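FYI, the numbering just counts along the sequence from 1. These numbers were taken from a predicted model, which means no experiment stands behind them.
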Amino acid sequence: MKEVLQINDADNVAVALKDYKSGDTIVIGSKEIKITEDIARGHKIALTSISEGENVLKYGYPIGHAKAPITPGEWVHTHNTKTNLTGVEEYTFEQKLTPNPFAAENLTFKGYRRLDGSVGIRNELWIVPTVGCVNGVAEQIINIFKAEVGDIAPFDNVLVLKHNYGCSQLGDDHDNTRTILTNAVKHPNAGGVLVLGLGCENNNLHIFKDMLGSYDEDRVRFLVSQEVGNEIEEGVKLLKEIYNNVQGDHREEVSLSELKIGLKCGGSDGLSGITANPLLGRLSDYMAAQGGTTVLTEVPEMFGAEKILMERAADEVIFHKIVDLINDFKQYFMDYKQPVYENPSPGNKAGGITTLEDKSLGCTQKSGNSTVMDVLKYGELITNKGLNLLNAPGNDLVASSALAAAGCQLVIFTTGRGTPFGTFVPTMKVSTNTPLYEGKRHWIDFNAGVLVEDGSPDEVLRDFINYIISVASGEWVFNEKNNFREISIFKTGVTL
């Protein structure tokens, strides 16, 4: 089992893979280094002398600079390292594409083919409220429906996409709510949807219905609570209509190219960029070779690593879209008089992440080496296969909801510290370390920690692919088993 790791030969720090005490020694190549202070697992150890102002290198890139001289064997962290990040930058298109190491394998999963040609990995019945005021009504409708119907098959589950929005909103804030909710109504994981309104909200249901465009009329129903006598009885009746219309639904073999996977991380630690995120990167490259789709988001956690993504733009048009993605989000911070580098979180720092560059270089490992085929605005739907970038913040639930609303049937979420949440599509948790996996078996679905315990990268990837196919074919992940299902929408505009 490895005890310390120098990720790139150019690095002047290594990552501790176990807890070290002052006086312990490590061996890197032919060099023996004495540890000068206690250093926890996931944290960085200086391999050379680093002068004040000199860059600290990890992943082969600067993650900041030394605030004071650092000696070999010293702990390298927030007390002696500072970010290099500033504000909006200018960039030059210098394309550097890498051949995909994977070949097409013609694998399949068992999914639900929808009328519009899309494919769902779940067949669920959803109530989508246009406004948070009717969340309770929706719950009552579902409870009575399930009690009266009994066996809900062929639906896998019945749930409310609860949220607190839909009224007293203006501008982008209001538009974001409508866009995310209309995308949810047409999501392929939904086998049926009741859109439930109150009647006096800004997010007027009749306008909302017009915004939907075409939809499967056998599977989508609408109800305005203030326009009927008993909204509970009417809602149960409408759910039963949908239920009766879907009795022929069944899974069928579908090409893996139909799968759209959202890539997200949270509660990251010093192993995130070594185990779980690179595993997702290899998966992303593998999916691209199969003609499938992956989507990387949380734009603030690209700051400091954005040039790597820009070099992989499919063409100059995509390059400029990435530039706008990065600089627009930096400007968003500055407009609200906030620093662009106010990240990582206290939990990230406790896990060994020092600066935003440190976090971003680990975060972007999830994208592998694939060509960036498109850049999506917040609320836009996926149209191009391969690797996409999506405009959304680092907040776990907001970003995961955005990935689902873009059309991802599955979100894969890497974590070094653990989190139980899930959005409205299956939200698979991948641990960066084995202690987390063993300690939170009711949260974590897959353990990438074996990659620093002599697990073969190829074997771990194959096990991961097989598990993803099982989940896409119907196996529930823990957020589904625990019934942890939420939706959150990015708030940027004016609230009345």
Quiz item: Do the side-chain N and O atoms of Glu74 and Thr71 include a donor-acceptor pair separated by under 3.5 angstrom?
Solution: yes
Practice problem: Run the numbers on Trp75 and His43 for side-chain contact (heavy atoms from CB on, under 4.5 Å), then give the verdict. | Solution: CA-CA 8 Å; Trp75 178 33; His43 286 251; 3.1 Å; yes
Exercise. List the steps, then state whether side-chain contact (heavy atoms from CB on, under 4.5 Å) holds for Arg441 with Phe478.
Key: CA-CA 9 Å; Arg441 286 298 296 115; Phe478 276 113; 4.0 Å; yes
Quiz item: Closest approach of Ile468 and Leu410, non-hydrogen atoms and distance?
Solution: CG2-CD2, 4.1 Å
Practice problem: Walk me through it: do Asp172 and Lys491 pass the test salt bridge (charged side-chain N to carboxylate O under 4.0 Å, His left out)? | Solution: CA-CA 8 Å; Asp172 290 344; Lys491 286 178 61 63; over 6 Å; no
Quiz item: Are Glu298 and Lys366 close enough for a salt bridge, meaning some N to O gap below 4.0 Å?
Solution: yes
Practice problem: Return yes if some donor-acceptor pair links the side-chain N/O of Asp24 with the main-chain N/O of Lys21 below 3.5 Å, else return no. | Solution: yes
Quiz item: Do any N or O atoms from the side chain of His187 and from the backbone of Ala406 form a donor-acceptor pair under 3.5 angstrom?
Solution: no
Quiz item: Regarding Thr414 and Asn277, is there a side-chain donor-to-acceptor distance under 3.5 Å anywhere?
Solution: yes
Quiz item: Between Glu357 and Lys58, is there a side-chain N and carboxylate O pair less than 4.0 Å apart?
Solution: no
Self-check item: Interatomic distance, Ser284 atom OG to Asn100 atom CG [nearest 0.5 angstrom]
Solution: 9.0 Å
Self-check item: Atom NZ of Lys481 with >12 non-hydrogen neighbours under 6.0 angstrom
Solution: yes
Quiz item: Got a second to check how far Tyr59's OH is from Leu361's CG, nearest 0.5 Å?
Solution: 7.0 Å
Self-check item: Test: Lys429 cationic atom under 6.0 Å from Phe421 six-membered ring centre, within 45° of axis
Solution: yes
Quiz item: Within the distance-only criterion (no hydrogens, no angle test), does the side chain of Glu306 pair as donor or acceptor with the backbone N or O of Gly304 below 3.5 angstrom?
Solution: yes
Quiz item: What do the steps show when you test Thr427 against Val477 for side-chain contact (heavy atoms from CB on, under 4.5 Å), and what is the final call?
Solution: CA-CA 7 Å; Thr427 310; Val477 294; 5.6 Å; no
Self-check item: Close side-chain approach of Leu451 and Ile274, heavy atoms under 4.5 Å
Solution: no
Quiz item: What class does the angle between the rings of His163 and Tyr165 fall in, given that below 30° is parallel, 30 to 60° is tilted and above 60° is perpendicular?
Solution: parallel
Quiz item: For atom OH of Tyr61, is the number of surrounding heavy atoms from other residues, nucleotides or ligands below 6.0 Å larger than 12?
Solution: no
Self-check item: Exceeds 12 heavy-atom contacts within 6.0 angstrom, atom NZ of Lys67
Solution: yes
Quiz prompt | Donor-acceptor pair between Ser431 and Asn447 side chains, under 3.5 angstrom | solution = yes
Practice problem: Flag the pair Val299 / Ile326 as yes when at least one side-chain heavy-atom distance between them is below 4.5 Å, and no otherwise. | Solution: yes
Practice problem: Using atom types as modelled and distance alone, determine if a side-chain donor or acceptor of Asn395 lies under 3.5 Å from a backbone N or O of Leu397. | Solution: yes
Quiz item: Does Asn388 reach the main-chain N or O of Val375 with its side chain, forming a donor-acceptor pair under 3.5 Å?
Solution: no
Quiz item: Any chance NZ of Lys34 has more than 12 other-residue heavy atoms, nucleotides or ligands included, within less than 6.0 Å?
Solution: no
Quiz item: Looking at Phe333, does the NZ or CZ of Lys330 lie under 6.0 angstrom from its six-membered ring centre and within 45 degrees of the ring axis?
Solution: no
Quiz prompt | Test item: Asp358 side-chain N/O and Thr354 main-chain N/O as donor-acceptor pair under 3.5 Å | solution = yes
Quiz item: Distance under 6.0 Å and angle within 45° of the ring axis: does Lys321 meet both against Phe319?
Solution: no
Exercise. Mark yes or no: Arg282 above the aromatic ring of Tyr286, with NZ or CZ under 6.0 Å from the six-membered ring centre and no more than 45 degrees from the axis.
Key: no
Exercise. Could you tell me whether Asn106 atom CG has more than 12 heavy atoms of other residues or ligands within 6.0 Å of it?
Key: no
Self-check item: CG-CG distance between Leu376 and Leu325, expressed to the nearest 0.5 angstrom
Solution: 9.5 Å
Exercise. Say whether Asn348 and Asp269, considering side chains only, have a donor N or O and an acceptor N or O under 3.5 Å apart.
Key: no
Self-check item: Flag side-chain contact, heavy atom, 4.5 Å: Leu387 against Arg312
Solution: yes
Quiz prompt | Nearest atoms (heavy-atom pairs only) where Glu311 meets Glu94 | solution = CG-O, 3.4 Å
Quiz prompt | From OG (Ser257) to NZ (Lys385), nearest 0.5 Å | solution = 4.0 Å
Practice problem: Measure the shortest side-chain to side-chain distance between Thr297 and Asn391 over non-hydrogen atoms and say whether it is less than 4.5 angstrom. | Solution: no
Quiz prompt | Closest non-hydrogen atom pair between Ala448 and Leu279, with its separation | solution = CB-CD2, 4.0 Å
Quiz item: Should the pair Phe464 and Phe446 be assigned to parallel (<30°), tilted (30 to 60°) or perpendicular (>60°) ring geometry?
Solution: tilted
Quiz item: Does a sphere of radius 6.0 Å around NZ in Lys110 hold more than 12 heavy atoms from other residues, nucleotides or ligands, not counting ones at 6.0 Å or beyond?
Solution: no
Quiz item: Would you say the side-chain atoms of Asn55 pair up with the backbone N or O of Leu57, donor to acceptor, closer than 3.5 Å?
Solution: no
Practice problem: Kindly say whether Phe303 contributes a backbone atom to a donor-acceptor pair with the side chain of Ser360 at under 3.5 angstrom? | Solution: yes
Quiz prompt | Residues forming a side-chain contact (heavy atoms from CB on, under 4.5 Å) with Asn369, sequence neighbours excluded | solution = Thr98, Asp285
Practice problem: Verify whether one side chain among Gln331 and Asn327 offers a donor that lies under 3.5 Å from an acceptor in the other. | Solution: no
Practice problem: Start with the C-alpha distance between Ile412 and Lys264, add both sets of side-chain angles, then the distance that settles side-chain contact (heavy atoms from CB on, under 4.5 Å), and finish with yes or no. | Solution: CA-CA 6 Å; Ile412 303 181; Lys264 179 73 177 77; over 6 Å; no
Practice problem: Indicate yes or no: at least one non-hydrogen side-chain atom of Glu301 is less than 4.5 angstrom from one of Cys265. | Solution: yes
Self-check item: Minimum-distance pair of heavy atoms, taken over all atoms of Ser49 and Pro72
Solution: OG-CD, 3.4 Å
Quiz item: Given the rule in the side chain to side chain donor-acceptor pair (under 3.5 Å) test, do Asn84 and His65 qualify, once you have shown the distances and angles that lead to the verdict?
Solution: CA-CA 7 Å; Asn84 291 333; His65 62 271; 2.6 Å; yes
Quiz item: Given side chains that start at C-beta, do those of Phe329 and Pro393 come closer than 4.5 Å, heavy atoms only?
Solution: yes
Quiz item: How far apart are the closest heavy atoms of Leu296 and Ser367, and which atoms are they?
Solution: CD2-CB, 3.8 Å
Quiz item: NE2 of His174 to CD1 of Ile489: how many Å apart, nearest 0.5 Å?
Solution: 11.5 Å
Quiz item: Is it true that Glu105 and Arg462 have a side-chain N and a carboxylate O under 4.0 angstrom from each other?
Solution: yes
Self-check item: Backbone N/O of Met287 and side chain of Gln290: donor-acceptor pair under 3.5 Å
Solution: no
Quiz item: Do you know which two heavy atoms are closest between Thr81 and Thr355, and how far apart they sit?
Solution: CG2-CG2, 4.2 Å
Quiz item: Is there side-chain contact between Trp126 and Val160, with heavy atoms separated by less than 4.5 Å?
Solution: no
Quiz item: What side-chain hydrogen bond (donor to acceptor under 3.5 Å, both in side chains) pairs are there with at least one residue in residues 400-413, not counting sequence neighbours?
Solution: Ser401-Thr423
Quiz prompt | Test item: Thr419 side-chain N/O and Thr415 main-chain N/O as donor-acceptor pair under 3.5 Å | solution = no
Exercise. Would you mind reporting whether Val76 and Ile45 have side-chain heavy atoms less than 4.5 Å apart?
Key: no
